[in-house]
Each structure stands twice: as C-alpha cells, then as structure tokens.
Peer 1: 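Below you will find the structure I want to go over with you.
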Amino acid sequence: VIHALLFAVASTALSTPTTPAEQLRSLLQTSLSTQCAIPLPGVHDALSAKLFAANPHVPCLFLSGFGVSASRLGQPDAGILTLSEMEDATRNVVSSVSNYNTRTPV
C-alpha cells in the first residue's frame, strides 16, 4: 500500500507542469483533446497583467503588440514601437505576474 501511494504521488509530481512552457504545452494538449477554446486575454502593461493573473479562470496571458503600442505611444502598432520598448514592456509584465506570486504563464 505504501509503495502504491508513493508511486501515485511520484507519478502525479512528474506529470504536473512545473515551468511556464510545460504549463502551456499541457494547456494546448488538453484543449486539442477536448476541442475547447482557451481563454487568452491580451495584456498591455504590468497592471493589466496583474489584474488578469488574479483571476483563477485565466490559464495564461499574452502580450499584445498593439496594446503595448497604444498604451505607450497612443498610436496603432505600425512598426513605431522599438524592440527595446517591447522588451521593456515584456519584462514589466512578466515580473509583475511573478511578483504577484502566481503561476500564470505569459
């Protein structure tokens, strides 16, 4: 009985996604097998990411280039936003979600 319990715990631990990439892979596999859509809100800054990450029904987030451009520059995404500005926005979003102590992948 103890060996069976240890095996069950060990196999559950091995199958539980631990990294954001594994979480996304598991989410996609589940979505494909059940043929259900994945709710995927687009965020544009650290605050919007933090608000959506607090919702337990949101499995992951994506950073919208249009949203970042619109919130930072007040312009549509027409190649005006530089790579370093997009990188800065990405870093802020990821750190705000990480600091919020959630496992929501971005």
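Just so it is clear, the model here is predicted, and its values are computed rather than measured. Counting begins at 1 with the first residue of the sequence.
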Peer 1: How is the hydrophobic cluster of Leu83 composed, in terms of its other members, when Ile, Leu, Val, Met, Phe, Trp and Tyr link through side-chain heavy atoms under 4.5 Å apart, directly or indirectly?
Peer 2: none
Peer 1: Can you run down the salt bridge (charged side-chain N to carboxylate O under 4.0 Å, His left out) pairs that involve residues 31-42, sequence neighbours left out, and say none if there aren't any?
Peer 2: none
Peer 1: Listed by chain and number, what are the side-chain hydrogen bond (donor to acceptor under 3.5 Å, both in side chains) partners of Gln35, not counting sequence neighbours?
Peer 2: none
Peer 1: Taking only residues two or more places apart in sequence or in another chain, which ones pass side chain to side chain contact (heavy atoms under 4.5 Å, CB included) with Thr30?
Peer 2: Ser26, Thr34
Peer 1: The criterion is side-chain hydrogen bond (donor to acceptor under 3.5 Å, both in side chains); which residues satisfy it with Ser48, sequence neighbours excluded?
Peer 2: Asp45
Peer 1: For Asp88, enumerate each residue passing the side-chain hydrogen bond (donor to acceptor under 3.5 Å, both in side chains) test, keeping only those at least two apart in sequence or located in another chain.
Peer 2: Arg72
Peer 1: Please list, one pair per line, the donor and acceptor atoms closer than 3.5 Å that link side chains of residues 57-68 to other protein atoms, with sequence neighbours excluded.
Peer 2:
unit_1, atom_1, unit_2, atom_2, d
Ser64, OG, Phe66, N, 3.4
Ser64, OG, Gly67, N, 3.0

Peer 1: Going by the salt bridge (charged side-chain N to carboxylate O under 4.0 Å, His left out) test, which pairs reach into residues 61-70, not counting sequence neighbours?
Peer 2: none
Peer 1: Not counting sequence neighbours, which residues clear side-chain hydrogen bond (donor to acceptor under 3.5 Å, both in side chains) with Thr82? List them please.
Peer 2: Ser84, Glu85
Peer 1: Taking salt bridge (charged side-chain N to carboxylate O under 4.0 Å, His left out) as the cut-off, I'd like each qualifying pair that reaches into residues 58-67, sequence neighbours left out, listed once.
Peer 2: none
Peer 1: Restricting to pairs with a member in residues 25-44, which pass salt bridge (charged side-chain N to carboxylate O under 4.0 Å, His left out), not counting sequence neighbours?
Peer 2: none
Peer 1: Which hydrophobic side chains are connected to Leu32, either touching it within the sub-4.5 Å cutoff or through other members that do?
Peer 2: none
